[in-house]
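Predicted model, so just to flag it, every value in this text is computed and none were measured. Note that these values count all heavy atoms, side chains included, but never hydrogens, waters or copies made by symmetry. To find a chain, count down the sequence lines: A is the first, B the second, and so on, and within it residues start at 1.
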Amino acid sequence: MRLTKFFLPTLKDDPVDAVTASHKLMIRAGMIRQLTSGVYSSLPFGLIVFRKVENIIREEMNAIGGNEFLLPAISPAELWAETGRLEDYGDLMFRIKNRELVLCPTHEEVFTSIAKPNLISYKDLPQVWYQIQSKFRNEERPRAGVLRGRQFTMKDAYSFDSSWEALDRSYNDMAKAYRNIFTRCGLDFTVVSAHSGAMGGSDSEEFMVPAGAGEDNIVISEDGSYASNLEVAVSYKEKVDRKNSDLAAEEFHTPDIKTIDELADFTGTKDKSHLAKSRVFVNAGKDGNEYVLTLVCGDDEVNEMKLQNYFGINIRSAHNEELMEITGADAGSIGPVGLKNKNIRIIADLLLEDADELVSGANKNDYHLKNIDLKRDVKGIEYKDLRIVKEGEETSDRKSKIKITRAIEVGHIFKLGTKYAESLGATFLDAEGKENPVIMGSYGIGVERTAASYIEQNNDDKGIIWKGELAPFKVILISLGGKSDEVKNISEELYGQLSNEKKIETLYDDREGVRPGVKFNDADLIGIPVQLIIGEKNLKEGNVEIKKRRTGERFIIRKEDALNKVMELIKD
RNA sequence: CGGAGCGUAGCGUAGCCCGGUAUCGCGCCAGUUUUGGGAACUGGAGGCCGCAGGUUCGAAUCCUGCCGUUCCGACCA
């Protein structure tokens with residue numbers, strides 16, 4: 001491609017609205033432009049990269065027997081009402097105003113609607129179906145360029161199986177394909193166990209790219225044997241010890257003490273594990289509200305995602321006005337003993353199992369209780385894993401320690417089970433002639449997000465650094481023309497040889513009247529791996545120069561050897 | 001949704017407090033010189049100062065409302 005014909009609007013300065021490296025660089029390198037919040041146009045240079053990602057995905061999906069579809073981006077709202085997701089997604093789904101249609105945020109329903117009348121016998125299964133399609137989500141806060149947008153390209157795949165064992169096989173094939181995809185994309189990634197979110201389902205793994213710009217926190221053990229999303233992570237920690245002193249619970253005055261830290265200071269306690277922290281949650285259900293009081297050690301926090309896993313996505317923190325009504329006190333004086341509403345479920349973290357001599361709120365403003373014995377004083381108490389794990393804790397097997405890192409989720413695979421098949425009536429007849437719901441898996445990859453993640457991991461102060469399969473061009477031929485016809489002739493000759501004979505994706509900076517510095521800086525910014533530089537100075541000696549973008553290494557070589565050297569270097 | 005900020009030429013900005021018809025840099029166009037790491041000079045084009053209303057002789061500037069957008073948080077896959 002000749003740069004004089006290629007639309008590549010590069011920017012010298014960072015756009016003021018961009019904060020993360022990939023966002024800045026994708027705009028500066030002329031890959032994307034924003035149309036409105038969370039919505040980006042793909043410019044030619046960006047589109048080349050996105051297509052590379054798509055093609056890698058396509059090849060790996062086809063390799064495991066995937067069938068490519070292209071489904072509509074709009075669908076009837078009714079289809080979503082049937083699975084209950086019209087409500088579940090709520091405002092996250094774009095709705096069309098003048099027709100009962102929605103913009104699809106994902107495609108389980110639509111794929112299932114095709115599966116239903118066509119996958120009717122166990123002989124029709126298994127199937128893997130996928131598409132690469134624009135998705136629309138009315139994100140409340142889009143951020144970091146294409147990392148979280150309102151419109152984005154997603155590869156979504158679905159497996160249809162006749163047994164849970166077969167689903168395991170489909171899932172494992174997919175997991176392997178995902179590893180291939182992200183490896184081929186040149187990403188440093190890690191696979192973590194995850195929460196399957198609003199989609200429902202059981203086993204679930206996320207493909208995570210460690211990067212500061214990420215929105216997720218992931219937990220990785222130092223020995224690499226454990227990896228998990230912080231939302232579901234567990235660790236090993238000693239339980240709070242039981243003292244068996246059988247001291248009577250006793251109320252004491254704690255004026256203006258609202259937080260655990262204040263309580264620790266007030267009581268002169270250094271170890272906050274016996275200062276039990278209470279929080280009240282409301283689980284809004286069809287039959288009215290269920291109230292849940294959680295109890296964790298004073299130095300721990302409740303992991304709300306774990307609560308969602310136990311209670312469903314509708315559980316929420318109680319509002320301040322509700323607290324008084326439920327407990328009899330305001331936040332800061334709430335505890336498990338003496339609650340105003342007796343129909344409240346009390347769930348304590350596993351670390352607090354049968355603990356005694358605890359201090360917690362007395363459900364009376366400005367009072368706390370000490371010597372609470374959970375075994376003795378709290379009837380019907382349940383114990384569950386509730387806490388958020390912390391950096392430096394031991395892994396569950398006690399063989400390693402955990403680290404917490406920010407990461408970008410580029411892919412997610414999970415076993416859906418029969419949720420959509422059941423609600424939409426997609427069944428098949430098994431060998432005995434019995435009707436069963438199709439067992440599904442669901443698998444997604446964010447295309448632009450994958451490219452952005454690559455850039456997050458591969459850039460320097462000059463710009464992007466491409467390598468391997470994602471590189472939009474393998475070589476940039478920089479002609480420092482000036483008045484020299486010879487430079488121009490040699491450049492044209494080499495360009496022809498590279499692009500026509502060797503079939504190498506070559507970008508040819510054939511701009512005239514552009515100073516060398518501008519060309520060098522543009523080349524570094526857009527990050528093509530190998531720069532072949534033709535200038536008058538070297539050419540006088542019969543030489544050309546080659547620079548590797550990543551390392552900055554330079555080679556001055558005979559012009560006759562240029563082609564071979566380029567071919568050698570692009571293999572890296 | 002809560003908090004904070006921003007909106008002036010393609011991009012980045014000054015001016016706003018204290019009202020008088022918009023500053024500077026980059027980029028763009030023409031010309032001359034230049035040509036290996038974002039050139040110099042000369043000349044030029046380009047603006048409903050986010051929108052609407054109000055105050056005023058007069059509004060980029062003050063007031064009200066709205067819209068857009070960014071960041072933090074909440075929410076979300």
Starting at atom CG of A/Asn543, determine the distance to atom P of B/G36, rounded to an integer number of angstrom. 17 Å
More than 12 heavy atoms of other groups within 6.0 Å of A/Glu512 CD: no
Watson-Crick/G-U partner (both atom distances under 3.5 Å) of B/G43: B/C29
If you measure from the C1' atom in B/G38 to the same atom in B/A45, how many Å do you get, rounded? 24 Å
Measure the distance from CZ on A/Arg28 to C1' on B/C26 and round it to the nearest whole Å. 13 Å
P atom, B/G44 versus B/U23: distance in rounded Å? 14 Å
Earlier contact from the 5' end, RNA chain B, for A/Ser37 and A/Leu92: A/Ser37
Complementary nucleotide of B/U13, counting Watson-Crick and G-U pairs under 3.5 Å: none
Base-pairing assignment for B/A4 (Watson-Crick or G-U wobble, both under 3.5 Å): B/U70
Considering every strand shown, what is the Watson-Crick or G-U wobble mate of B/G58 when both distances are under 3.5 Å? none
Can you tell if the side chain of A/Val146 reaches within under 4.5 Å of the side chain of A/His23, non-hydrogen atoms only? no
On a whole-Å scale, what distance lies between the C1' atoms belonging to B/G3 and B/C48? 33 Å
Any donor-acceptor pair under 3.5 Å between the side chain of A/Arg515 and the base of B/U34? yes
Aromatic rings A/Trp129 and A/Phe69: how do their planes relate, parallel, tilted or perpendicular, breaks at 30° and 60°? tilted
Should we say atom CD of A/Glu301 is surrounded by more than 12 heavy atoms from elsewhere, each under 6.0 Å from it? no
Roughly, in whole Å, what's the span from CG in A/Asn217 to P in B/G73? 11 Å
Quick check for you: among B/C71, B/U69, B/G36, whose closest atom lies nearest to any side-chain atom of A/Val19? B/C71
With distance as the sole criterion, is a donor-acceptor pair present between the side chains of A/Gln34 and A/Asp17 under 3.5 Å? no
Sticking with atom P, work out how far B/U56 lies from B/U61, rounded to a whole angstrom. 16 Å
Under 30°, 30 to 60°, or over 60°: which ring-plane class applies to A/Tyr178 and A/Phe207, parallel, tilted or perpendicular? tilted
Any residue meeting ring-ring contact (aromatic ring centres under 6.0 Å, His included) with A/Phe473, in chain and number order, not counting sequence neighbours: A/Phe6
Distance, rounded to the nearest Å, where A/Leu147 contributes CG and B/C71 contributes P: 11 Å
Which value, in whole Å, describes the distance between the C1' atoms of nucleotides B/G47 and B/A4? 29 Å
Does B/C49 pair with anything, Watson-Crick or G-U wobble, both distances under 3.5 Å, and if so, with which nucleotide? none
Please indicate whether A/Lys565 has more than 12 foreign heavy atoms, meaning atoms of other residues, nucleotides or ligands, lying under 6.0 Å from its NZ. yes
Starting the side chain at C-beta, find the nucleotide from B/G38, B/C72, B/U69 nearest to A/Thr36. B/U69
Between B/G37 atom C1' and A/Lys462 atom NZ, what is the distance in whole Å? 6 Å
Partner of B/G19 under the Watson-Crick or G-U wobble criteria, both distances under 3.5 Å, comes out as none
Given B/C71, B/C76, B/U69, the nucleotide with the shortest approach to the side chain of A/Arg148: B/C76
For the side chain of A/Gln34, counting heavy atoms from C-beta on, which of B/G36, B/C26, B/U69 is nearest? B/U69
What interatomic distance, in whole Å, is found between C1' of B/C67 and the corresponding atom of B/C26? 30 Å
Does the B/G37 base have a donor-acceptor partner in the side chain of A/Arg554 within less than 3.5 Å? yes
Please state how far atom NE2 in A/His412 lies from atom P in B/C76, giving the value in whole angstrom units. 15 Å
At 4.0 Å (heavy atoms only), tell me whether A/Ala523 reaches a base, stays on the sugar-phosphate, or touches nothing. nothing
In whole Å, measure the gap between the C1' atoms of B/G12 and B/G20 for me. 28 Å
Rounded to whole angstrom, note down the C1' distance from B/G58 over to B/G31. 42 Å
Under 4.0 Å between a Lys/Arg side-chain N and an Asp/Glu carboxylate O for A/Lys176 and A/Glu60? no
Atom OH of A/Tyr89 and atom P of B/C75 are separated, to the nearest Å, by 18 Å
Whichever of A/Asp216 and A/Pro142 has its nearest RNA chain B nucleotide further upstream toward 5': A/Pro142
Atom-to-atom span, NZ of A/Lys135 to P of B/C76 - whole angstrom: 21 Å
Audit row: A/Asp510, A/Ser479, side-chain hydrogen bond (donor to acceptor under 3.5 Å, both in side chains) steps and yes/no: CA-CA 6 Å; A/Asp510 59 338; A/Ser479 177; over 6 Å; no
Of the listed B/U69, B/G37, B/G38, the closest approach to the A/Lys547 side chain comes from B/G37
Side chain of A/Glu139 only, heavy atoms from C-beta on: which candidate in B/C76, B/C72, B/G38 is closest? B/C76
Between the protein and nucleotides 1-12 of chain B, are there any N/O to N/O pairs under 3.5 Å, and if so, what are the atom names and distances?
none

